[in-house]
Amino acid sequence: QRYYLLEPVRQFALAQLTANAEIELMRQRHFNTYLHFARLADAHLRRADGAQWSARLPLEHDNFTAAWQWALDRGRFVEAAWLGLAQHHGWHMGARWYEGTYWLEQLLPHRHLFDPNLRFALLVTLYRCWRGLGNFHAIEAYRDELIALRESSASQLLRAAAWYFYANVAADASQAIAAFETCLALLNEQRVAHDLDSNFCFYADV
């Protein structure tokens, strides 16, 4: 069930939070709530109740927008990247490539702040969004960095995902087959243990 505040009540509550210097704490809590919600939704999108969760996500669009804007305005770029990974599969299912690209591209100038796996996951996710938009210029601009991360990453799951996405858009059948075979080989090796925590959402859910 959803609840809505009358505008005068909302303005009064905002004024009280501001007057008591609690507005920033509430915005942090709001961000944390929607990061948690995005991760929960991501886990359900690949289950039997995925359609129900997919229908819920558009209802929270304004809340996600507010969470993103707060994180970017406050320089919380690492936290924003985690939100992007949590929303990634939902964007894909809804073909919301523009939305995903809009938010994730704002993180590119700050990607040096991320640990290698998070940086790799960001670029893989953007690669998927750019492919959805047919933005080959952006793909080419970050191609060498993405390949370098793919070759150096200690995460077989992320490397497998990168090869899988490449296989889907390879220029010819032989390249696609080779990429799929590489992906499968990495996943078969990975059966012993997962090398990503659940915060990587789609990428850790093999």
Side-chain angles (χ1 to χ4, degrees), residues 31-58 60-61 63-64 67-68 71 77-108 111 114-133 135 138-139 142 146 149-150 153-170 179-180 182-206:
F31 179 90
N32 292 344
T33 296
Y34 278 88
L35 175 58
H36 174 75
F37 178 81
R39 286 170 170 167
L40 182 64
D42 172 82
H44 281 274
L45 288 175
R46 290 178 296 283
R47 298 177 185 171
D49 58 346
Q52 296 172 340
W53 280 84
S54 183
R56 290 181 62 180
L57 289 174
E60 303 296 345
H61 181 268
N63 279 309
F64 282 124
W68 269 102
F77 304 117
V78 173
E79 292 174 74
W82 288 120
L83 180 58
L85 293 193
Q87 290 189 268
H88 159 224
H89 192 55
W91 287 331
H92 169 68
M93 291 186 67
R96 298 196 302 275
W97 308 120
Y98 284 105
E99 182 180 352
T101 300
Y102 174 77
W103 293 119
L104 295 176
E105 283 186 343
Q106 295 184 66
L107 301 178
L108 285 173
R111 65 192 185 278
F114 307 163
D115 71 42
N117 277 344
L118 183 57
R119 180 179 165 201
F120 185 24
L122 169 69
L123 287 180
V124 171
T125 303
L126 267 168
Y127 176 87
R128 199 178 191 191
C129 289
W130 288 329
R131 283 298 315 183
L133 295 173
N135 189 346
I139 290 173
Y142 292 91
L146 185 54
L149 287 167
R150 187 187 68 195
S153 176
S155 170
Q156 291 175 255
L157 288 175
L158 283 176
R159 291 168 59 206
W163 280 111
Y164 175 79
F165 294 147
Y166 173 73
N168 279 279
V169 296
F180 272 125
T182 302
C183 172
L184 290 173
L186 288 166
L187 291 177
N188 285 332
E189 294 174 18
Q190 189 57 40
R191 297 300 178 194
V192 177
H194 288 260
D195 60 19
L196 293 174
D197 65 48
S198 61
N199 291 339
F200 281 87
C201 295
F202 172 86
Y203 297 111
D205 189 8
V206 177

Practice prompt. Check step by step if side-chain contact (heavy atoms from CB on, under 4.5 Å) holds for Phe200 and Leu157.
Written response: CA-CA 10 Å; Phe200 281 87; Leu157 288 175; over 6 Å; no
Worksheet item: After noting the C-alpha distance and the side-chain angles of Leu85 and Leu118, does the key distance pass the side-chain contact (heavy atoms from CB on, under 4.5 Å) rule?
Response: CA-CA 9 Å; Leu85 293 193; Leu118 183 57; 3.7 Å; yes
Practice prompt. Could you give me the CA-CA distance, side-chain angles and deciding distance for Gln87 and Tyr34, then say whether side-chain contact (heavy atoms from CB on, under 4.5 Å) is met?
Written response: CA-CA 10 Å; Gln87 290 189 268; Tyr34 278 88; over 6 Å; no
Item to complete: Take Phe77 and Phe114, measure what side-chain contact (heavy atoms from CB on, under 4.5 Å) needs, and give me the verdict at the end.
Response: CA-CA 9 Å; Phe77 304 117; Phe114 307 163; 4.2 Å; yes
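With Phe202 as the aromatic partner, Arg128 meets the cation-pi criteria of under 6.0 angstrom to the ring centre and within 45 degrees of the ring axis.
Atom CG of Leu45 and atom CZ of Arg56 lie 10.5 Å apart (nearest 0.5 Å). Atoms CD and CG, on Glu105 and Asn135 in that order, are 7.0 Å from each other to the nearest 0.5 Å. In this structure, the separation between CG on Asn32 and CD on Glu79 is 6.5 Å, given to the nearest 0.5 Å. Annotation: the span from Glu99 atom CD to Cys129 atom SG amounts to 9.5 Å, rounded to 0.5 Å. Considering OH of Tyr166 and CG of Asn168, their distance stands at 11.5 Å, rounded to 0.5 Å. Taken from CZ in Phe165 to SG in Cys183, the straight-line distance is 9.0 Å, to the nearest 0.5 Å.
Counting only heavy atoms from C-beta outward, the side chains of Leu104 and Trp91 approach each other to under 4.5 Å. In this structure, the side chains of Val124 and Tyr203 come closer than 4.5 Å at one or more pairs of heavy atoms.
In this pair, Tyr164 and Phe180 present their aromatic rings perpendicular. The plane angle is above 60°, beyond the 30 to 60° band. Using the six-membered ring where Trp is involved, Trp103 and Trp68 have ring planes that are parallel, under 30° apart on the 30 and 60° scheme.
The side chain to side chain donor-acceptor pair (under 3.5 Å) check on Asn199 picks up Arg39, with sequence neighbours excluded. Under the salt bridge (Lys or Arg N to Asp or Glu O under 4.0 Å) criterion, Arg131 pairs with no residue, sequence neighbours left out. Remark: Asn117 pairs with Ser153 by the side chain to side chain donor-acceptor pair (under 3.5 Å) rule, at least two apart or across chains.
Here the closest non-hydrogen pair linking Ala154 and Asp195 is O-OD2, 3.8 Å. In this structure, Ala80 and Phe31 approach most closely via the heavy-atom pair N-CZ, 4.2 Å. Contact record, Ala86 with Cys201: CA-SG, 3.7 Å, taken as the closest heavy-atom pair. Summarising the geometry of Leu158 relative to Ala121, their closest heavy-atom pair is CD2-CB, 4.0 Å, with the distance given to 0.1 Å. Taking both residues in full, the closest heavy atoms of His89 and Arg46 are given as CD2-NH1, 3.1 Å, listed atom of the first, atom of the second, then distance.
At least one donor-acceptor pair closer than 3.5 Å links the side chain of Thr101 to the backbone N or O of Trp97. Looking only at distances, a side-chain donor or acceptor of Asn188 sits under 3.5 Å from a matching main-chain atom of Leu184.
Exactly one of Leu108, Leu149, Leu126 qualifies for a side-chain contact (heavy atoms from CB on, under 4.5 Å) with Tyr142. That residue is Leu108.
No more than 12 heavy atoms of other residues, nucleotides or ligands sit less than 6.0 Å from atom CD of Gln52.
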